[in-house]
> 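Sharing a structure, written as structure tokens. Questions coming.
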Amino acid sequence: MSFDSFQQVFALSLYSNLVNGQKGIEDDLQRALQYALAQELPKFGNWSTVWGPTVWKFKPADENTGPDNSWFVGYNPSLAYADGSIHPTYVVAIAGTPLRSNYAWFQENLAVNRVADFNAWVASGFGNPPEVTMPKDIVPSTPYTSIGTVNALHTLLTKHAPLGSGSAGITLLDFLVNLDRSNSPRVVFTGSSLGAALASTLALSLVLAGVVPASSALTYLTAGPSPGNRIFADLFASTFPAQRFPGSEAGGYQVWNLNIVNSLDIVPQAWCVIKSLSPEQNLGNIPGIYGPPPLPLIQGITLLLKIFAFSSGVIYIPLQSHILDGVPPASPPATLAEFLDVAFVQQHIGFYVALLRVSLPTLTQFESFGLVKKTEAEHRYEYPIIGNLEYAVEHPEDTQRAIDDQKNTPDAEAVGGL
């Protein structure tokens with residue numbers, strides 16, 4: 001089977017997640033990802049790994065967790081594009097960011113209840129972690145992104161590629177600064193889910209900083225949550241104009257610089273809290289997304305998500321999107337566990353795999369690297385919104401207590417009236 005340029009880039013995006021379903025120390029995860037990419041990427045075309053792959057763990061010696069970030073740069077000397085042109089192409093592929101092992105109810109959302117001044121961080125040169133902007137200091141005309149997103153970018157740009165990987169000892173930032181541009185290469189930034197939020201923000205950061213020329217940069221994003229406010233989304237749109245090609249108008253995937261969204265995927269509904277500002281993508285769509293009646297616990301969890309997003313001091317707005325119609329379940333989920341199965345397996349994973357006709361391979365070699373496969377529940381914790389639902393399935397009483405504690409707070413009253 002031959003794959004077009006969009007499918008090949010999506011394959012690299014997907015394959016950046018190859019070890020996300022495994023647990024082990026950082027070094028073992030690193031070796032396993034290097035091996036897997038070397039075996040699998042050539043199946044999609046003339047691809048090689050020229051920087052990384054790199055696996056980073058907050059606790060590198062913890063054998064009971066998976067990677068916190070995984071990313072790499074793939075290279076194809078002659079990728080054929082939909083417009084008929086052929087370009088040497090570098091693809092910066094970023095996996096989603098799994099959660100830490102000691103999960104707390106609000107851990108995932110702590111990344112969105114505070115923001116960073118995006119322009120200030122870009123102007124700082126990326127060397128230092130971003131600073132939090134408190135709600136009282138928000139300037140309406142400034143682009144802001146969630147602090148969790150920009151913290152992750154600091155890691156992506158400043159960690160050196162490990163020994164034995166492509167461009168070992170070099171940071172991703174230095175690698176991209178020193179690219180040979182004599183043959184006018186294209187640079188594509190790609191990721192899915194949390195990886196899409198990171199890829200879009202990284203692309204915009206590097207173009208605005210002059211590291212990558214805007215004329216040579218593209219993004220290919222799937223299922224991403226909103227990384228920033230309206231000013232940020234508008235800045236992304238003006239820097240990366242949407243490109244659509246034949247096939248996309250009929251529900252296809254042939255687009256650049258748009259977040260490809262399944263209308264029934266709950267992850268891209270995060271993190272807007274005002275329906276009138278984003279009718280098709282907002283947290284309020286989640287409770288009834290698979291049909292009435294909405295489950296009370298889903299309504300409560302959605303309220304908590306709104307409170308955390310609202311407490312940032314900004315209103316998150318989705319990036320420009322290519323929204324495709326999802327296929328609803330035969331009947332509405334009757335329990336939280338059923339809702340989670342539909343949301344995760346069918347709508348957040350299965351939809352995009354079926355759309356692009358690219359899926360993760362079944363690899364049996366991971367045990368030889370000292371890795372242990374995560375449970376399905378552990379794997380689900382990695383995803384925005386879905387991780388919250390998984391926690392609620394396992395801890396219904398704690399979840400209800402958290403909902404009750406927040407119902408009468410000022411932020412709850414504010415988002416309830418939006």
Side-chain angles (χ1 to χ4, degrees), residues 1-17 41 43-47 74 76 78-87 89 91-94 96 186-197 199-200 203 216-226 233 236-237 239-269 278-281 285 289-290 318-329 342-361:
M1 178 179 176
S2 61
F3 298 91
D4 63 29
S5 57
F6 305 102
Q7 290 172 301
Q8 291 182 53
V9 170
F10 177 73
L12 270 65
S13 167
L14 196 63
Y15 280 37
S16 66
N17 296 274
L41 287 191
K43 297 177 182 179
F44 292 93
N46 189 17
W47 291 99
N76 187 322
S78 55
L79 183 63
Y81 285 80
D83 61 3
S85 63
I86 298 176
H87 300 272
T89 299
V91 172
V92 182
I94 306 172
R186 286 188 172 175
V187 182
V188 183
F189 297 84
T190 187
S192 188
S193 193
L194 281 168
S200 56
S216 67
L218 294 168
T219 68
Y220 197 73
L221 314 169
T222 55
S226 306
F236 179 87
T239 306
F240 293 95
Q243 298 183 25
R244 294 178 170 88
F245 294 87
S248 63
E249 70 280 356
Y253 54 78
Q254 299 88 345
V255 299
W256 298 117
N257 302 336
L258 290 160
N259 185 25
I260 299 176
V261 170
N262 167 15
S263 64
L264 298 180
D265 183 355
I266 63 175
V267 173
Q269 300 296 331
S278 177
E280 294 182 287
Q281 290 174 261
N285 289 340
I289 197 167
Y290 304 129
L319 298 179
Q320 55 191 3
S321 297
H322 179 57
I323 301 177
L324 306 176
D325 291 334
V327 179
V342 172
F344 181 66
V345 178
Q346 298 176 30
Q347 306 297 348
H348 189 59
I349 303 296
F351 176 89
Y352 303 96
V353 167
L355 176 69
L356 274 296
R357 299 189 295 279
V358 175
S359 59
L360 282 173

> Throw together a table of side-chain donor-acceptor distances under 3.5 angstrom for residues 9-16, partners on residues two or more places apart or in other chains.
residue : atom : partner : partner atom : Å
Y15     : OH   : S359    : O            : 3.4
S16     : OG   : S13     : O            : 2.6
S16     : OG   : A95     : N            : 3.2

> At their closest point, which heavy atom of T89 faces which heavy atom of V91, and how far apart are they?
CG2-CG2, 4.0 Å
> Under 6.0 Å between the ring centres of F240 and W256?
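No.
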> How far does OG of S192 sit from CG of N17, to the nearest 0.5 angstrom?
7.5 Å
> Roughly how far, to the nearest 0.5 Å, is CG of D265 from OG of S193?
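Nearest 0.5 Å value for the OG-CG distance: 7.5 Å.
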> Indicate yes or no: at least one non-hydrogen side-chain atom of I349 is less than 4.5 angstrom from one of F344.
yes
> Do V92 and T190 touch side chain to side chain, with heavy atoms closer than 4.5 Å?
no
> Looking only at heavy atoms, what is the nearest atom pair of A203 and T219, with distance?
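Looking at all heavy atoms of both residues, the closest pair is CB-CG2, 3.7 Å.
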> Return the CD to CG distance between Q243 and N257, rounded to the nearest 0.5 Å.
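It is 5.5 Å, given to the nearest 0.5 Å.
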> Please determine which of L264, N262, L355, V261 meets the side-chain contact (heavy atoms from CB on, under 4.5 Å) test together with L324.
L355
> Can E280 and S263 be counted as having a side-chain donor-acceptor contact under 3.5 angstrom?
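S263 and E280 do not have a side-chain donor-acceptor pair below 3.5 Å.
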> So do H322 and Y253 actually touch side chain to side chain, heavy atoms under 4.5 Å?
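SC-SC contact between Y253 and H322 ruled out.
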> Can you name the closest pair of heavy atoms from A223 and V267 and give their distance?
O-CG1, 3.5 Å
> Specify the closest pair of heavy atoms between I260 and Y352, including all atoms of both residues, with the distance to one decimal.
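Minimum heavy-atom separation between I260 and Y352: O-CE2, 3.5 Å.
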> I need the L41 CG to Q8 CD distance, nearest 0.5 Å.
10.5 Å
> Where is the tightest heavy-atom contact between A199 and F189, given as atom of each residue plus distance?
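Answer, listing the atom of A199 first, then F189: O-CB, 3.8 Å.
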> Quick one: are L319 and L221 in side-chain contact, heavy atoms under 4.5 Å?
yes
> Looking at every non-hydrogen atom in both residues, tell me the closest pair between P318 and A233 and how far apart they are.
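Residues P318 and A233, closest heavy atoms: O-CB, 3.7 Å.
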> Within the side chain of N259, is there an N or O that forms a donor-acceptor pair under 3.5 Å with the backbone of G224?
yes
> Do R186 and Y81 form a cation-pi contact, if we require the NZ or CZ to be under 6.0 Å from the six-membered ring centre and within 45 degrees of the ring's axis?
yes
> Do I266 and Q347 have side chains that approach each other closer than 4.5 Å (heavy atoms only, starting at C-beta)?
no
> Could you pull out all residues at least two apart from S216 that satisfy side chain to side chain contact (heavy atoms under 4.5 Å, CB included)?
V212, P213
